[in-house]
Novice: 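Dropping the structure in here first, questions after.
In what follows, chains are A, B, ... by sequence order, proteins preceding strands, each numbered from 1.
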Protein chains: 2
Amino acid sequence: MDSADELGRRDRKKLETRAALEHAALKLVAARGLAGVTVEDIAEAVDVSSRTFFNYFPSKEDALIGPSPASTAELRERLEALPADVPVLEALRLMSRVEAERVQEQREQWLLRLKVFEQNPSLLPRLVASGSETERAVTAAVARRSGIELGTSGYPELATAVAMAAFRVAMIRWSAAGGRPELADLVDEAFAQLAGGLPNP
Amino acid sequence: MDSADELGRRDRKKLETRAALEHAALKLVAARGLAGVTVEDIAEAVDVSSRTFFNYFPSKEDALIGPSPASTAELRERLEALPADVPVLEALRLMSRVEAERVQEQREQWLLRLKVFEQNPSLLPRLVASGSETERAVTAAVARRSGIELGTSGYPELATAVAMAAFRVAMIRWSAAGGRPELADLVDEAFAQLAGGLPNP
DNA sequence: TGAAACATTGCAGATACTGAAAATTCCCCG
DNA sequence: CGGGGAATTTTCAGTATCTGCAATGTTTCA
């Protein structure tokens, strides 16, 4: 409707190639493990040169990680669009819900990705890493929201880090349960526990 | 007194070499950035072959990360040693305090390490999630503590992830402040906010 | 259609990392 | 002592990741 249709053949092919590489990478690594798959294997499966692979992704792992669901600008806007009297944690919850819905739109893709992560723990840090830029942006937005200067009280940093941890845990639970419950519900549940101060269950 | 003195020359040299490699790696990367330092540079600075470097560390990054905060067994023991009526979050706080004190014992080393992490964001995620093995172990201990089976409620996973995020944020604040405040106090502060449900400040 | 813009490719080369065997160092016991 | 045997380091060869560059296609648009 909006953005993905009105591209020239060139850009359409690029998106196609990128998606094909991501998909091939996930499939192959799910089957043979991270170490059992070379970049050449992936490139061959899509019938491009391995040099081309590196034009799309800076490393083998990056093809598995996939896009941060939303751009940092988008996250900032989303946070700023909320009324000022919404508490920070609630704002982070709402932001996370939107993310969760995005993930669910690509259910199969994400479940496969999470399975690969589970089987190749060395990738997990990368997942966090891809979020480190995101984390900065969200932290800044939270600071603005709560009228705190960055690097003083530590509140924005903490709230953001904790929210992202909660989101990550929800994703992993979702994956472990085979994508059965709604991810958004798991996210809500996690935030509810956070808001309650993580009391003993 | 207890463990580090009664080793043969051989083991002493091994520890020495390892420490020298870590130190050289940190120094060099602090000066030139992660990409500006090769394994050979590090090995040469210590006057060993680069193959020897890989006998000590599985990757260049691992030389920078430093020791696993504590052995997983130790963390488990520390958690299990606490009376059963100590709330989970409080138990995690106490565990984190001990970690914080350890870090402060090697103040200079850790401040340098954190500076390196700050300048090379790709390393950041490893800071606490050093191997997700630690996280697994702590999660398991928390589950046992709270009588919850792993993978059911998600509470142990959430509490652990959140606690580690809080610790990470405290470390970064500590580093940013040049190691001036007590790390343990920053950890306490973060846990207090968590326990309070992260209310707007 | 022709030219500018961009994508793909092959190639050369630097670096990360691994396995195996040779060379060295160290420990311990006779 | 001193030599046998174990641990450690080194050398060497090889595979894989990733980058820059120049050549070659392909798409776009005027």
Novice: What is the distance, rounded to the nearest whole Å, between atom CG of A:L28 and atom C1' of D:dA16?
Specialist: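 To the nearest whole Å, that distance equals 16 Å.
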Novice: For every nucleotide of nucleotides 5-10 of chain D, 5' to 3': is a protein heavy atom under 4.0 Å from its base (B), only from its sugar-phosphate (S), or from neither (-)?
Specialist: -BBSBB
Novice: Would you mind reading off the distance between B:L34 atom CG and D:dT17 atom C1', rounded to a whole angstrom?
Specialist: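 Nearest whole value for this atom pair: 15 Å.
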Novice: Return the value, rounded to whole Å, for the distance between atom CD1 of B:I42 and atom P of C:dC17.
Specialist: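 For the pair B:I42 CD1 and C:dC17 P, the rounded distance is 10 Å.
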Novice: What distance separates B:L64 CG from B:R113 CZ, expressed to the nearest 0.5 Å?
Specialist: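 It comes to 8.5 Å.
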Novice: Grab the CZ-P distance between B:F53 and C:dC17 for me, whole Å please.
Specialist: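 The answer, rounded to whole Å, is 8 Å.
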Novice: Roughly how many Å is it from CZ in A:R12 to C1' in D:dT28, rounded to a whole number?
Specialist: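 Value for this atom pair: 13 Å.
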Novice: Could you work out, with salt bridge (Lys or Arg N to Asp or Glu O under 4.0 Å) as the rule, every residue matching B:E101, not counting sequence neighbours?
Specialist: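 Checked B:E101 against salt bridge (Lys or Arg N to Asp or Glu O under 4.0 Å); matches are B:R97.
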Novice: Which whole-number value in Å describes the distance from B:F54 CZ to C:dT15 C1'?
Specialist: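 Interatomic distance, CZ of B:F54 to C1' of C:dT15: 9 Å.
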Novice: Donor-acceptor pairs under 3.5 Å, side chain of residues 13-21 of chain A to any protein atom, not counting sequence neighbours: which ones?
Specialist:
from, atom 1, to, atom 2, distance (Å)
A:T17, OG1, A:K13, O, 2.9
A:R18, NH2, A:Y56, O, 3.1

Novice: How many angstroms lie between OG in A:S175 and CZ in A:F117, if you round to the nearest 0.5 Å?
Specialist: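 So the OG of A:S175 and the CZ of A:F117 are separated by 10.5 Å.
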Novice: Would you mind reading off the distance between A:E40 atom CD and C:dT9 atom P, rounded to a whole angstrom?
Specialist: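 Going from CD in A:E40 over to P in C:dT9 covers 13 Å.
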Novice: Answer yes or no: does atom CD of B:E40 have more than 12 heavy-atom neighbours from other residues, nucleotides or ligands under 6.0 Å?
Specialist: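 Open: at most 12 neighbouring heavy atoms sit under 6.0 Å from CD of B:E40.
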Novice: Distance from B:S50 atom OG to B:K60 atom NZ, nearest 0.5 Å?
Specialist: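 Taking OG in B:S50 and NZ in B:K60, the distance rounds to 12.5 Å.
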